[in-house]
Amino acid sequence: FLEEDFAPLHARVCAAVAAGAARAGIDPAADLPGAERTLSPSDAGFHNTLLRQDGELVFLDFEYFGWDDPAKLVADFFLQPQAPLAPPLRPGFLARLEPGFGGRPGFRARLALLYPLLALKWCLIMLNVYLRPALPGREAVENREGQLARASAALGALRAECENRLFPCGGFDI
C-alpha cells in the first residue's frame with residue numbers, strides 16, 4: 001500500500017502543491033502571521049460535536065486546542081475519518097464560513113494547497129494501528145486490515161478528487 005499506492009500519489013501531490021504555492025506567492029516555510037490564525041480545536045468534527053435543542057452546535061473536545069491556520073481547520077473538518085463531511089455538503093459549509101475566514105488573505109489558496117496534503121496525512125494516521133499493539137478485546141489482524149481498507153478507500157477518494165479536480169475550493173493540476 002505505502003510503496004505502490006501512497007508514495008506515487010504523495011509525490012504527485014507534493015510537486016503540485018509546491019508549484020501551486022509558487023504561483024500563489026505562498027512561502028510554505030513561512031509562519032502564518034498571527035492576525036491570520038484562528039483558535040482551533042484541531043480535532044473539530046461531528047464526532048466531537050453535539051447539537052443542542054435550539055440548533056446550536058457545541059464542540060466538546062479541546063484536547064489539541066490552539067492557534068492554527070483556518071484553512072487547516074476547514075480541511076481537517078472535511079477529512080476527519082470518524083465523521084467526514086460528505087463532498088456535496090462541503091460547498092455549503094464553506095459558504096457559511098466565508099464571512100469569518102474568506103476575507104483573510106490567501107485563505108482559499110491555502111485551503112486548496114493544504115487539503116490534499118492533509119488528506120494524505122489522514123491516510124497515514126489511519127495506519128497508526130500498525131505502530132501499537134492491538135486494543136484490548138479486538139483482534140489485531142482484523143483491526144489492522146480494517147484500518148488498511150479505510151486508508152486505501154481514503155486514498156482512492158483523494159486520487160479521484162485529484163483526477164476530477166473536485167477539491168472544496170477549486171483545484172489545481174495534480
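Atom set for the values below is all heavy atoms of this structure, side chains included, hydrogens, waters and symmetry mates excluded. As the structure is a prediction and not an experimental result, all values here were calculated from the model. The residues of the chain are indexed from 1 along the displayed sequence.
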Could you state the interatomic distance from CG (Leu73) to CG (Leu111), rounded to the nearest 0.5 Å? 10.0 Å
So which heavy atom on Ile26 is nearest to which on Ala109, and how close? CD1-CB, 3.9 Å
Tell me the closest heavy-atom pair linking Lys72 and Asp68, and the distance in Å. CD-OD2, 3.2 Å
Side-chain contact test, heavy atoms from C-beta onward, threshold under 4.5 Å: evaluate it for Leu114 versus Lys121 and give yes or no. no
Would you say the side-chain atoms of Arg37 pair up with the backbone N or O of Leu32, donor to acceptor, closer than 3.5 Å? yes
Scanning both residues in full, the closest heavy-atom pair of Cys123 with Ala154 reads SG-CB, 3.8 Å
Provide the closest heavy-atom pair for Leu127 versus Gln147 in the form atom of the first, atom of the second, distance. CD2-O, 4.2 Å
List for me each residue that meets side chain to side chain contact (heavy atoms under 4.5 Å, CB included) alongside Ala15, sequence neighbours excluded, and say none if there are none. none
Looking at CG of Leu9 and CG of Leu158, how far apart are the two atoms once the value is rounded to the nearest 0.5 Å? 5.0 Å
Parallel, tilted or perpendicular: which one describes the rings of Phe1 and Phe6, with boundaries at 30° and 60°? tilted
Shortest non-hydrogen separation from Leu118 to Leu79 and the atoms involved: C-CD1, 3.8 Å
Counterpart residues, side chain to side chain contact (heavy atoms under 4.5 Å, CB included), relative to Pro81 (two or more places apart): Trp122, Met126, Arg150
Which heavy atom in Tyr130 sits nearest to a heavy atom in Glu145, and how many Å separate them? OH-N, 4.2 Å
